[in-house]
Protein chains: 2
Amino acid sequence: MNADAGSTRQSLLKAAYEEIHRYGFQAASLNAILDRTGVTKGALYHHFSSKLQLGYAVLDEHITDELESLWFKPMQQPGHPIEVLKAAIKQLGDHYECEEITLGCPLNNLAQEMSAIDDGFRQRVDTLYQRWQSSIEALLTRGQQQGSVNTSIDAADTAFFILASLEGCMSMAKNAQSHNELMRCGKGLMNYLNSLRA
Amino acid sequence: MNADAGSTRQSLLKAAYEEIHRYGFQAASLNAILDRTGVTKGALYHHFSSKLQLGYAVLDEHITDELESLWFKPMQQPGHPIEVLKAAIKQLGDHYECEEITLGCPLNNLAQEMSAIDDGFRQRVDTLYQRWQSSIEALLTRGQQQGSVNTSIDAADTAFFILASLEGCMSMAKNAQSHNELMRCGKGLMNYLNSLRA
DNA sequence: TCACCAACATACCAACCAGTATGTATCTCT
DNA sequence: AGAGATACATACTGGTTGGTATGTTGGTGA
């Protein structure tokens with residue numbers, strides 16, 4: 001592979017991610033992505049066989065990587081499971097304060113827009129959501145074994161609900177366009193997490 | 001106004017709602033809406049000055065009405081606040097079982113897609129969310145006064161979190177395309193609601 | 001009865017869209 | 001050195017989009 005080939009592909013991926021994050025996949029314009037990068041259409045179609053494949057690549061590579069560093073890595077921290085969770089959520093909130101909170105969670109955006117009309121997107125998002133849920137579930141289970149988390153709850157169901165609430169909070173904050181609403185929602189989430197202690 | 005004029009407008013609104021519900025506002029095709037209704041383009045632009053205004057009307061009329069009968073009305077029921085909430089949520093779940101759950105909550109869909117790129121949509125959705133939240137808040141406050149809801153919680157914050165969780169649950173279920181996941185998430189939500197009792 | 005207007009219908013338009021056909025420069029492998 | 005592949009660049013196409021210009025029809029008030 002050419003030395004530049006990788007970077008051309010990466011810059012396309014990054015620009016496509018940003019365009020999709022703002023306008024959604026369907027409304028994202030390939031020409032806008034090309035303008036933004038200075039790459040030509042021939043180059044784009046050399047690296048990706050269609051707009052759909054470009055979208056899949058954004059999910060499989062860029063968004064997966066982001067989730068890795070923003071969630072799965074913080075989840076590896078040692079300590080009280082509830083505190084680790086709270087810290088990971090806080091970090092996520094901080095990140096979306098720097099980035100525009102108004103653009104919402106990229107994964108949730110794609111889930112909402114595409115899951116009903118394209119199964120390729122749906123399955124990819126589903127896989128990521130399952131990994132996300134499993135990471136929370138594992139943490140809760142560990143806490144239950146250690147005696148720091150209430151054993152009367154079902155770890156899997158609870159993990160699923162925590163993830164849903166988290167996405168819901170980001171969704172509400174996105175529409176309200178205010179970090180204040182995100183904090184408000186975060187407060188409710190923190191209260192709920194505290195209620196899971198043993 | 002002509003006798004048929006109202007019904008033409010209504011059928012456009014209904015078809016537009018369905019098209020937007022499935023494909024989103026931006027991807028909704030006016031021609032598809034026309035095909036579906038048998039109305040001509042001239043008629044459409046006689047009733048609505050632009051696609052955007054049609055979208056606003058769908059929100060202001062169709063979706064607002066749906067929320068009225070699906071949420072605000074059940075919320076008027078007498079009884080224990082937590083039970084009223086649970087019943088309203090259950091009814092909402094049942095409704096989205098009949099309709100395709102995979103299409104998601106119409107309000108949440110529009111919020112996700114449009115809030116970042118059009119302020120007219122954003123403000124309309126925001127108003128509806130605020131009414132929604134207020135209805136939950138009022139119920140919780142009533143419960144606190146009656147002694148049936150824990151007085152240590154902040155009713156406004158909690159109402160906001162409940163709404164966020166609810167939207168999050170529907171969002172997750174939409175992507176999973178399974179009623180099972182909706183039930184799972186509902187279980188978590190019910191547990192949380194029970195924890196709010198006095 | 002005649003003017004007027006609401007409620008359409010038909011035909012059209014420029015802009016934009018994803019995608020393609022074709023050409024070319026450079027790099028690699030033999 | 002020559003063949004082939006990689007990595008683009010340019011110019012184009014057919015289809016779709018939201019929107020418009022112009023015509024027609026039927027009811028209604030003066």
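Values below: all heavy atoms of this structure, side chains included; hydrogens, waters and symmetry mates excluded. First the proteins, then the strands, lettered A, B, ... as listed; each starts at 1.
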Please state how far atom [atom1] in [X] lies from atom [atom2] in [N], giving the value in whole angstrom units.
{"X": "A:Ile33", "N": "C:dC17", "atom1": "CD1", "atom2": "P", "result": "11 Å"}
{"X": "A:Tyr23", "N": "C:dC16", "atom1": "OH", "atom2": "P", "result": "14 Å"}
{"X": "B:Leu12", "N": "D:dG18", "atom1": "CG", "atom2": "P", "result": "14 Å"}
{"X": "A:Asp35", "N": "C:dC17", "atom1": "CG", "atom2": "C1'", "result": "14 Å"}
{"X": "B:Tyr45", "N": "C:dC12", "atom1": "OH", "atom2": "P", "result": "19 Å"}
{"X": "B:Leu54", "N": "D:dT17", "atom1": "CG", "atom2": "C1'", "result": "15 Å"}
{"X": "A:Leu44", "N": "C:dT20", "atom1": "CG", "atom2": "P", "result": "12 Å"}
{"X": "A:Leu30", "N": "D:dG15", "atom1": "CG", "atom2": "P", "result": "19 Å"}

Test item: side-chain donor near acceptor, B:Asn31 and B:Ser29, under 3.5 Å:
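Short answer, no.
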
Phosphate-side-chain proximity, [X] and [N], N/O vs OP1/OP2 below 4.0 Å:
{"X": "A:Asn31", "N": "C:dC16", "result": "no"}
{"X": "A:Thr40", "N": "D:dT10", "result": "no"}
{"X": "A:His46", "N": "D:dA7", "result": "yes"}
{"X": "B:Thr8", "N": "C:dC8", "result": "yes"}
{"X": "B:Ser50", "N": "D:dG18", "result": "no"}

Is A:Lys90 salt-bridged to A:Glu83, going by a charged N under 4.0 Å from an acidic O?
no

Heavy-atom nearest nucleotide on DNA chain C taken for A:Phe25 and for A:Gly42; more 5' hit belongs to A:Phe25

Earlier contact from the 5' end, DNA chain C, for B:Ala43 and A:Gln26:
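Final value for this comparison: B:Ala43.
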
Check if the side chain of B:Lys41 and the base of D:dG19 share a donor-acceptor pair of N or O atoms closer than 3.5 Å.
yes

Classify the nucleic acid contact of B:Ala28 as base, sugar-phosphate or nothing, counting any heavy atom under 4.0 Å across all strands shown.
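Sugar-phosphate only.
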
Closest non-hydrogen atom pair, B:Ser115 against A:Asn175:
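Scanning both residues completely, I find the closest heavy atoms to be CB-OD1, 3.2 Å.
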
Can any side-chain N or O of B:Lys174 pair as donor or acceptor with the backbone N or O of A:Gln112 at less than 3.5 Å?
yes

If you check the A:Ser29 side chain, which of C:dA18, C:dC8, D:dT17 turns out closest?
C:dA18

Under the 6.0 Å and 45° cation-pi test, does A:Arg131 pair with A:Phe72?
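Output yes; distance and angle both within limits.
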
